[in-house]
There are 2 protein chains.
Amino acid sequence: MTNINLALIALSDPTRRQIFERLAAGPSPVGVLADGLPVSRPAVSQHLKVLKEAGLVSDESQGTRRIYRIDPAGLGAIRQWLDRFWEVALTAFQAEVARDNERRKDQG
Amino acid sequence: MTNINLALIALSDPTRRQIFERLAAGPSPVGVLADGLPVSRPAVSQHLKVLKEAGLVSDESQGTRRIYRIDPAGLGAIRQWLDRFWEVALTAFQAEVARDNERRKDQG
DNA sequence: GATTTATGTTAGTCATGACTTACGGTAATT
DNA sequence: AATTACCGTAAGTCATGACTAACATAAATC
């Protein structure tokens, strides 16, 4: 299940977002991700766990290494949530403008 | 300045997201928002401050009351960031597939 | 002008989470 | 089979933040 709550929490951390952006450029094992990041390898592992539980990444065992890659489904879920939100906010804004015009018309 | 970092942090909190969704339905003063939420009014004020600094809402004084509404600019910034991200991840995925095909062709 | 209404701010508490070190487990290598 | 490479987990520390209660401020009302 792709939870919007978990996804937003996952992306709110800068380090985790950095990992996610790295994976956007292509799949990678944990150690490679840890090099080039200012945190330890276990920290990266913990971040990847959060990203995985949020449905944003998937993993695959490959010998001793574990390859992580972006899960498009999770990213798509956030986009969908955001789009629906955008639509609601826009229609509410338009309704508000219409109400405002009506009020001014009544007052002359 | 609409900072993606601040925006994502702002939306990662469930209570704050609830406030934001309420405002998506239309502008509202602080007290009205606080009723119908399980937290105190000062808590709502603090959340609104975070949302405002993230560029997600704007406020307007109206007598003793302060009306908050959604700032479309902030929401649009997140959408833009997400779309660009989506594009990068997709092209990287396609490139990976192409590399994989090439590898299989070489091996016969 | 005193009171009421509506809100922002401050101080303090408590829970959460990001991090490191140490350890355990599994697969490849020699 | 011993060693090495790679990774996840556990425990513990420390900073951050969400929350409440108390106080301060500004506008409307009486």
Side-chain angles (χ1 to χ4, degrees), chain A residues 3-23 26-71 74 78, chain B residues 3-23 25-71 74 78 103:
Chain A
N3 194 324
I4 294 294
N5 191 18
L6 295 179
L8 287 174
I9 290 177
L11 291 181
S12 68
D13 182 75
T15 303
R16 216 145 44 207
R17 215 162 50 244
Q18 216 170 337
I19 294 175
F20 195 58
E21 292 181 8
R22 274 271 190 119
L23 289 180
S28 173
V30 182
V32 176
L33 287 174
D35 301 341
L37 285 179
V39 296
S40 69
R41 185 195 50 74
V44 174
S45 268
Q46 292 166 2
H47 282 309
L48 286 170
K49 183 179 181 181
V50 174
L51 288 170
K52 182 181 176 183
E53 287 176 348
L56 291 171
V57 304
S58 64
D59 59 341
E60 169 202 5
S61 270
Q62 203 167 39
T64 70
R65 297 198 286 194
R66 188 170 284 253
I67 311 296
Y68 282 86
R69 69 191 70 226
I70 283 190
D71 185 353
I78 300 186
Chain B
N3 195 322
I4 294 293
N5 191 19
L6 294 179
L8 287 175
I9 289 177
L11 290 182
S12 67
D13 182 75
T15 304
R16 215 146 44 209
R17 212 163 52 246
Q18 217 170 336
I19 294 175
F20 195 57
E21 292 182 7
R22 275 270 190 118
L23 289 180
S28 172
V30 181
V32 176
L33 287 174
D35 301 341
L37 284 179
V39 296
S40 69
R41 186 197 49 75
V44 175
S45 267
Q46 292 168 1
H47 282 310
L48 286 169
K49 183 179 181 181
V50 174
L51 288 170
K52 182 181 175 183
E53 287 175 348
L56 290 171
V57 303
S58 65
D59 59 341
E60 169 202 5
S61 270
Q62 204 168 33
T64 71
R65 296 198 287 194
R66 188 171 283 254
I67 310 296
Y68 282 87
R69 70 190 70 225
I70 283 191
D71 185 352
I78 299 186
R103 191 169 52 78

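These numbers were taken from a predicted model, which means no experiment stands behind them. By convention in this document, chain letters (A, B, ...) are assigned in the order of the sequence lines, proteins followed by strands, and residues within each chain are numbered from 1. No hydrogens, no waters, no symmetry mates; every other heavy atom, side chains included, goes into these values.
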Are any non-hydrogen side-chain atoms of [X] and [Y] less than 4.5 angstrom apart?
| X | Y | value |
| --- | --- | --- |
| B:Leu48 | B:Val30 | yes |
| A:Leu23 | A:Leu33 | yes |
| A:Leu56 | A:Ile78 | yes |
| A:Lys49 | A:Ser45 | no |

* Does B:Arg22 have any side-chain hydrogen bond (donor to acceptor under 3.5 Å, both in side chains) partners at least two apart in sequence or in another chain, and if so, which? ->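 Listed in chain order: nothing, the list is empty.
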Starting from [atom2] on [N], measure out to [atom1] on [X] and report it in whole angstrom.
| X | N | atom1 | atom2 | result |
| --- | --- | --- | --- | --- |
| B:Arg65 | C:dG8 | CZ | C1' | 17 Å |
| B:Asn5 | D:dT16 | CG | P | 14 Å |
| A:Gln46 | C:dC23 | CD | P | 17 Å |
| A:Arg66 | C:dA27 | CZ | P | 10 Å |
| A:His47 | D:dG8 | NE2 | C1' | 15 Å |
| A:Leu48 | D:dC7 | CG | C1' | 11 Å |
| A:Arg17 | C:dA18 | CZ | P | 12 Å |
| A:Lys49 | D:dT9 | NZ | C1' | 8 Å |

Is any side-chain N or O of [X] closer than 4.0 Å to OP1 or OP2 of [N]?
| X | N | answer |
| --- | --- | --- |
| A:Tyr68 | D:dG8 | yes |
| B:Arg16 | D:dG17 | no |
| B:Ser40 | D:dC19 | no |

* To do: Choose from C:dT7, C:dA18, D:dC7 the nucleotide whose nearest atom is closest to any side-chain atom of A:Val30.
  =>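 The answer is D:dC7.
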* Tell me what A:Ser61 touches on the nucleic acid: a base, only sugar-phosphate, or nothing, going by heavy atoms under 4.0 Å. =>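 The residue A:Ser61 makes no contact with any strand.
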* To do: Report which part of the nucleic acid A:Pro29 touches: base, sugar-phosphate, or nothing (heavy-atom distance under 4.0 Å, all strands).
  =>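 Touches sugar-phosphate only.
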* Start at the 5' end of DNA chain C and walk down; is the nucleotide closest to B:Gly31 or to A:Val39 reached first? ->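 The residue mapped nearer the 5' terminus is B:Gly31.
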* Which letters describe nucleotides 23-30 of chain D, given B = protein heavy atom under 4.0 Å from base, S = only from sugar-phosphate, - = neither? -> ----BS--
* **First of A:Ile67 and B:Val50 reached from the 5' end of DNA chain D, by closest nucleotide** =>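 Closer to the 5' end of DNA chain D: A:Ile67.
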* To do: Tell me, with the steps shown, if A:Thr15 and A:Val39 meet side-chain contact (heavy atoms from CB on, under 4.5 Å).
  => CA-CA 8 Å; A:Thr15 303; A:Val39 296; 4.2 Å; yes
* State whether the number of non-hydrogen atoms from other residues, nucleotides or ligands found under 6.0 Å of B:Arg65 atom CZ is greater than 12. =>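 Atom CZ in B:Arg65 is not packed in, count stays at 12 or less.
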